[in-house]
Visitor: 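Have a look at this one.
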Amino acid sequence: MSQLSVYNSLTRKKEVFTPLTPGHVGMYVCGPTVSGESHLGHARPYITFDVIFRYLTYLGYKVRYVRNITDAGHFEEEGREAEDKISKKAVVEKLEPMELVQKYTNRFHDAMKRFNNLEPSIEPTATGHIVEQIGMIEKIIRDGYAYVVNGSVYFDVEKYNSDFSAKGLPYGMLSGRVLEEQVDSTRDLDNQEEKRNKPDFALWKNAPPEHIMRWKSPWGDGFPGWHIECSAMSAKYLGDEFDIHGGGMDLMFPHHECEIAQSTVCNNKTPVRYWLHNNMITINGKKMGKSYNNTIKLSELFSGNNPILEQAYSPMTIRFFILQTHYSSTLDFGNEALKAAEKGFRRLWESYESLQKFQVDAFAFSEDQVDPELNSKVVRLLGGFDEFMNDDFNTAKVLANIFELVPVINSIRDKHIHPGALTKENMSLLQTQMKVYVEDILGLQSEQADNTKLEGVLQVLIELRKTAKSKKDFVTSDAIRKQLLVLGIALKDEKDGSISYTIN
RNA sequence: GGGCAAUUGGCUGAGUGGUCAAAGGCAACGGUCUGCAAAACCGUACAAUCGUGGGUUCAAAUCCCACAUUGCCCUCCA
């Protein structure tokens with residue numbers, strides 16, 4: 001089997017993945033800011049890194065997956081006074097900040113569960129790690145890379161850059177920016193006068209008296225800057241140097257760049273070996289964002305309650321849709337594409353379910369029925385799974401192979417292919433590999449809610465239809481089928497005389 | 001203005017030097033099955049410039065250059 005290679009944003013190359021500590025992987029992924037409801041943009045990174053987490057586990061690594069919750073407000077500087085997002089909204093909604101944070105954290109967790117994302121190993125909160133953040137800031141000040149102004153602390157980017165460029169670690173190495181070439185923004189920013197230089201960023205921010213979220217610090221009451229939490233928490237749970245840091249591409253600059261600078265000062269080494277960035281989701285070619293006024297909340301997606309959406313799309317449709325493309329490509333959301341994904345997923349899942357129902361022991365395997373060509377095709381397609389995942393987690397190609405197996409599975413089910421055409425070994429391999437990939441690695445699951453009462457009602461109707469059909473009373477049998485179809489329940493007459501159904 | 005990417009069929013989206021007149025999904029067409037359907041299966045068509053123009057190479061969608069267009073980042077952002 002080939003080795004796992006990943007595309008490292010830092011080196012802009014695919015590299016063979018070797019963990020720092022054999023057998024163990026430390027992975028940190030930037031989590032959500034829980035000052036508002038989870039939206040479509042949250043779906044991509046957490047599904048992407050969920051699959052990566054699952055795959056690394058499948059490879060036998062013991063993975064510690066850390067994903068933070070940003071619940072301490074960051075300030076915005078949009079030509080206005082500095083303000084804390086969370087406390088601002090809290091006033092509007094007449095809620096305690098922590099109540100708001102709790103509410104949206106819960107919503108986020110619900111959405112993650114519906115996507116069938118596994119829980120991270122540790123989910124630290126920024127508010128729970130104020131002490132660690134202050135400690136880190138103190139160290140940076142001691143080393144001379146930060147300065148205090150009016151109760152706020154700023155990181156001295158210029159000094160960092162000149163000192164660490166000599167060590168081959170210039171500021172901007174991740175995003176490819178050269179500090180000297182940074183042109184002054186035409187934007188008029190407040191609070192800039194406190195900074196020595198424009199690229200400097202806040203480590204700690206003084207809180208004005210009306211600010212609700214505040215903590216005591218050596219520099220007065222305030223709150224942490226928006227980069228320091230990730231540095232403090234990743235170092236605490238994964239060490240000064242760890243294997244994988246993930247997140248959306250939009251975080252590369254300045255967020256991840258600042259993380260690198262802070263951690264490098266504190267620990268005298270660059271913190272992350274492999275930087276993995278997922279690309280953005282677009283809606284009609286535009287990035288989704290508050291400023292574009294085209295955000296789709298996850299709850300709206302699931303209910304269809306948004307003018308952009310023609311219908312509701314289920315969590316598994318979204319998951320499947322996202323996995324059908326490589327994580328490093330942009331993915332455009334459109335109704336046509338989503339509907340295609342919905343149908344595709346259904347076809348995949350129905351085939352997968354029938355495969356798992358095969359009673360392999362009852363199959364009539366005999367040597368003269370064996371089709372060598374088919375066997376080698378199945379083995380080749382199954383073997384491709386690992387190869388594709390090892391090539392920077394290419395779930396798109398894995399799904400393509402799965403779809404090539406679908407007709408094979410369905411044909412065996414429908415007796416178009418003799419059940420003995422595959423050897424017993426390969427039939428078992430097909431079952432187990434498909435289970436491992438479809439469920440364990442890609443994390444797909446059934447959408448059919450189990451509802452035993454509805455099931456019972458349907459069985460009654462199915463029996464009625466069977467009876468009518470046997471009497472050639474097609475008026476009655478068609479009426480049952482038609483009326484159920486209106487309700488979104490499709491009856492299917494199977495080859496063996498049984499009747500199955502799907503609920504839309 | 002600067003940084004980083006992308007540009008593939010009707011839609012979506014793989015593909016990074018030869019096995020690519022280019023995967024897979026969806027849509028389309030024909031057929032098998034069916035009382036009729038649906039689903040499934042089989043088959044077919046569709047890119048006559050893989051953004052445009054150059055270059056490297058025996059060989060390019062794939063490497064290099066220029067141009068065009070689009071997106072992301074430079075401000076909270078997944």
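Proteins get letters first, then strands, A, B, ... in listed order; numbering begins at 1 in each. Just so it is clear, the values below take in all heavy atoms, side chains as well, and ignore hydrogens, waters and symmetry mates.
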Visitor: Would you sort out whether M98(A) and T127(A) count as a side chain to side chain contact (heavy atoms under 4.5 Å, CB included), showing the intermediate values?
Guide: CA-CA 10 Å; M98(A) 286 316 286; T127(A) 53; 4.3 Å; yes
Visitor: Write down the protein N/O and nucleotide N/O pairs, taken from nucleotides 68-71 of chain B, whose separation is under 3.5 Å; answer none if there are no such pairs.
Guide:
unit_1	atom_1	unit_2	atom_2	d
G71(B)	OP1	K286(A)	NZ	3.1

Visitor: I'd like the C1' distance from A27(B) over to G18(B), given in whole Å.
Guide: 33 Å
Visitor: Looking at K343(A), does any N or O in its side chain come under 4.0 Å of the phosphate oxygens OP1/OP2 on A27(B)?
Guide: yes
Visitor: Between R481(A) (CZ) and G35(B) (P), how many Å, whole number?
Guide: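 Rounded to the whole Å, the gap is 11 Å.
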Visitor: With no hydrogens and no angle check, is any side-chain donor or acceptor of Q3(A) less than 3.5 Å from a backbone partner on N390(A)?
Guide: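 The answer is no, because no donor-acceptor pair under 3.5 Å joins these two groups.
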Visitor: To the nearest Å, give me how far apart NZ (K397(A)) and P (G15(B)) are.
Guide: 6 Å
Visitor: Quote, to the nearest angstrom, the C1' distance that separates U7(B) from G51(B).
Guide: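 Their C1' atoms lie roughly 5 Å apart.
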Visitor: Distance-only, no hydrogens or angles: does the N375(A) side chain make a donor-acceptor pair with backbone N or O of A421(A) under 3.5 Å?
Guide: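 Yes; at least one donor-acceptor contact below 3.5 Å.
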Visitor: Testing L10(A), L251(A), V272(A) one by one against H256(A) for a side-chain contact (heavy atoms from CB on, under 4.5 Å), which residue passes?
Guide: L251(A)
Visitor: What distance, rounded to whole Å, do you find between the two P atoms, one in G13(B) and one in G53(B)?
Guide: 25 Å
Visitor: Round to the nearest Å and state the distance from N279(A) atom CG to A78(B) atom C1'.
Guide: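 Rounded to the whole Å, the gap is 11 Å.
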Visitor: What's the NZ-P distance between K339(A) and G10(B), to the nearest Å?
Guide: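 For the pair K339(A) NZ and G10(B) P, the rounded distance is 20 Å.
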Visitor: Return the set of residues passing ring pair (Phe, Tyr, Trp, His ring centres under 6.0 Å) with H42(A) (not counting sequence neighbours), or none when no residue passes.
Guide: H39(A)
Visitor: Could you tell me the separation between the CE atom of M252(A) and the P atom of A78(B), rounded to a whole number of Å?
Guide: 17 Å
Visitor: Tell me if the side-chain of N401(A) makes a donor-acceptor pair with the base of G24(B), cut-off 3.5 Å, by modelled atom types.
Guide: no
Visitor: Which nucleotide in the list G15(B), C36(B), A78(B) gets nearest to the side chain of N394(A)?
Guide: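 Closest nucleotide among those given: G15(B).
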Visitor: Using a 4.0 Å heavy-atom cut-off, does I281(A) contact any base of the nucleic acid, only the sugar-phosphate backbone, or nothing at all?
Guide: base
Visitor: Can D478(A) and R481(A) be counted as an ion pair, charged N to O under 4.0 angstrom?
Guide: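 A salt bridge is present here (some side-chain N lies under 4.0 Å from a carboxylate O).
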Visitor: Please check: side-chain N/O of K297(A) versus main-chain N/O of E37(A), any donor-acceptor pairing under 3.5 Å?
Guide: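 Looks like no, no N/O pair under 3.5 Å.
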Visitor: Give the rounded distance in Å between these two atoms: CG of L331(A) and C1' of U12(B).
Guide: 9 Å
Visitor: Can you tell me how far apart NE2 (H326(A)) and OH (Y7(A)) are? Round to the nearest 0.5 Å.
Guide: 10.0 Å
Visitor: Under 4.0 angstrom, heavy atoms only, what part of the nucleic acid is L491(A) near: base, sugar-phosphate, or nothing?
Guide: base
Visitor: Using the P atom as the reference point in each nucleotide, state the distance between U16(B) and C11(B) in Å, no decimals.
Guide: 23 Å
Visitor: Report which part of the nucleic acid E342(A) touches: base, sugar-phosphate, or nothing (heavy-atom distance under 4.0 Å, all strands).
Guide: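 Nothing, no nucleic acid heavy atom in range.
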Visitor: From A14(B), C4(B), A23(B), pick the nucleotide closest to the side chain of R12(A)?
Guide: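 Closest nucleotide to the R12(A) side chain: C4(B).
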Visitor: List the steps and the verdict of salt bridge (charged side-chain N to carboxylate O under 4.0 Å, His left out) for D391(A) and K397(A).
Guide: CA-CA 10 Å; D391(A) 186 13; K397(A) 284 190 129 187; 5.9 Å; no
Visitor: Examine A78(B): is either OP1 or OP2 under 4.0 Å from a nitrogen or oxygen in the side chain of T33(A)? Give yes or no.
Guide: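 Affirmative; the distance criterion is met.
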Visitor: Specify the residue among Y7(A) and F403(A) whose closest nucleotide of RNA chain B lies further upstream toward the 5′ end.
Guide: Y7(A)
Visitor: What's the gap between A61(B) and A14(B) when it is taken at their C1' atoms, as a whole Å value?
Guide: 12 Å
Visitor: Of the nucleotides G35(B), A78(B), G13(B), which one has an atom closest to the side chain of H42(A)?
Guide: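 Output: A78(B).
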Visitor: Taking the C1' atom in each of A23(B) and U62(B), what is the distance between them to the nearest angstrom?
Guide: 15 Å
Visitor: Heavy atoms under 4.0 Å, any strand shown: does H255(A) hit a base, just sugar-phosphate, or nothing?
Guide: nothing
Visitor: Output one letter per nucleotide in nucleotides 39-44 of chain B: B when a protein non-hydrogen atom lies under 4.0 Å from the base, S when only the sugar-phosphate is that close, - when neither is.
Guide: SSSS--
Visitor: Write down the distance separating the P atoms in A39(B) and A28(B), rounded off to the nearest Å.
Guide: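 Here A39(B) and A28(B) have their P atoms 10 Å from each other.
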Visitor: In whole angstrom, give the distance that lies between atom CZ of F320(A) and atom P of G24(B).
Guide: 14 Å
Visitor: Going by number, which of residues 110-124 of chain A have a non-hydrogen atom under 4.0 Å from RNA chain B?
Guide: none
Visitor: side-chain hydrogen bond (donor to acceptor under 3.5 Å, both in side chains) for Q262(A) and Y160(A)? Distances and angles first, verdict last.
Guide: CA-CA 9 Å; Q262(A) 293 162 350; Y160(A) 171 83; over 6 Å; no
Visitor: Rounded to whole Å, how long is the line connecting atom CZ of F253(A) with atom C1' of A5(B)?
Guide: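 Taking CZ of F253(A) and C1' of A5(B), I get 17 Å after rounding.
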Visitor: Quick one: label G41(A) by what it contacts on the DNA or RNA (base, sugar-phosphate, nothing), any heavy atom closer than 4.0 Å.
Guide: base
Visitor: How far apart are the C-alpha atoms of Y154(A) and E194(A), what are their side-chain angles, what is the distance that settles it, and do they pass the side-chain hydrogen bond (donor to acceptor under 3.5 Å, both in side chains) test?
Guide: CA-CA 9 Å; Y154(A) 294 97; E194(A) 286 187 352; 2.6 Å; yes
Visitor: Which part of the nucleic acid, if any, lies within reach of F345(A) when heavy atoms closer than 4.0 Å are counted: base, sugar-phosphate only, or nothing?
Guide: nothing
Visitor: Counting only N and O atoms by type, is there a donor-acceptor contact under 3.5 Å from the side chain of S351(A) to the main-chain atoms of L348(A)?
Guide: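 Such a contact is absent between S351(A) side chain and L348(A) backbone.
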Visitor: Would a distance-only check, ignoring hydrogens and angles, find a side-chain to backbone donor-acceptor pair under 3.5 Å from R54(A) to L442(A)?
Guide: no
Visitor: For F474(A), report the nucleic acid contact type (base, sugar-phosphate, nothing); a contact means any heavy atom under 4.0 Å.
Guide: base
Visitor: On a whole-Å scale, what distance lies between the P atoms belonging to U44(B) and U8(B)?
Guide: 27 Å
Visitor: Got R44(A) and L331(A) here, is their nearest side-chain heavy-atom distance under 4.5 Å?
Guide: yes
Visitor: Suppose we screen for side-chain contact (heavy atoms from CB on, under 4.5 Å). Which residues come up paired with R114(A), at least two apart in sequence or across chains?
Guide: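 Once residues adjacent in sequence are excluded, the partners of R114(A) under the side-chain contact (heavy atoms from CB on, under 4.5 Å) criterion are F302(A), P315(A).
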Visitor: If you only use heavy atoms from C-beta on, which nucleotide in C11(B), G25(B), G15(B) is closest to the side chain of A340(A)?
Guide: G25(B)
Visitor: Do any N or O atoms from the side chain of N161(A) and from the backbone of P170(A) form a donor-acceptor pair under 3.5 angstrom?
Guide: no
Visitor: As a quick check of understanding, evaluate side-chain hydrogen bond (donor to acceptor under 3.5 Å, both in side chains) for N278(A) and Y46(A), giving each step before the final call.
Guide: CA-CA 10 Å; N278(A) 63 275; Y46(A) 307 131; over 6 Å; no
Visitor: Can you tell me which stems involve RNA chain B, if a stem is defined as three or more consecutive Watson-Crick or G-U wobble pairs, both distances under 3.5 Å?
Guide: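 Stem list for RNA chain B: B:1-7 with B:68-74, B:10-12 with B:24-26, B:28-32 with B:40-44, B:51-55 with B:63-67.
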Visitor: Tell me which of R44(A) and D478(A) sits closer to the 5' end of RNA chain B, going by the nucleotide each one is nearest to.
Guide: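 Looking at the nearest nucleotide for each, D478(A) comes out on the 5' side.
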Visitor: Would you classify S329(A) as touching base, sugar-phosphate or nothing, given that sugar-phosphate means primed atoms plus P, OP1 and OP2, and contacts are heavy atoms under 4.0 Å?
Guide: sugar-phosphate
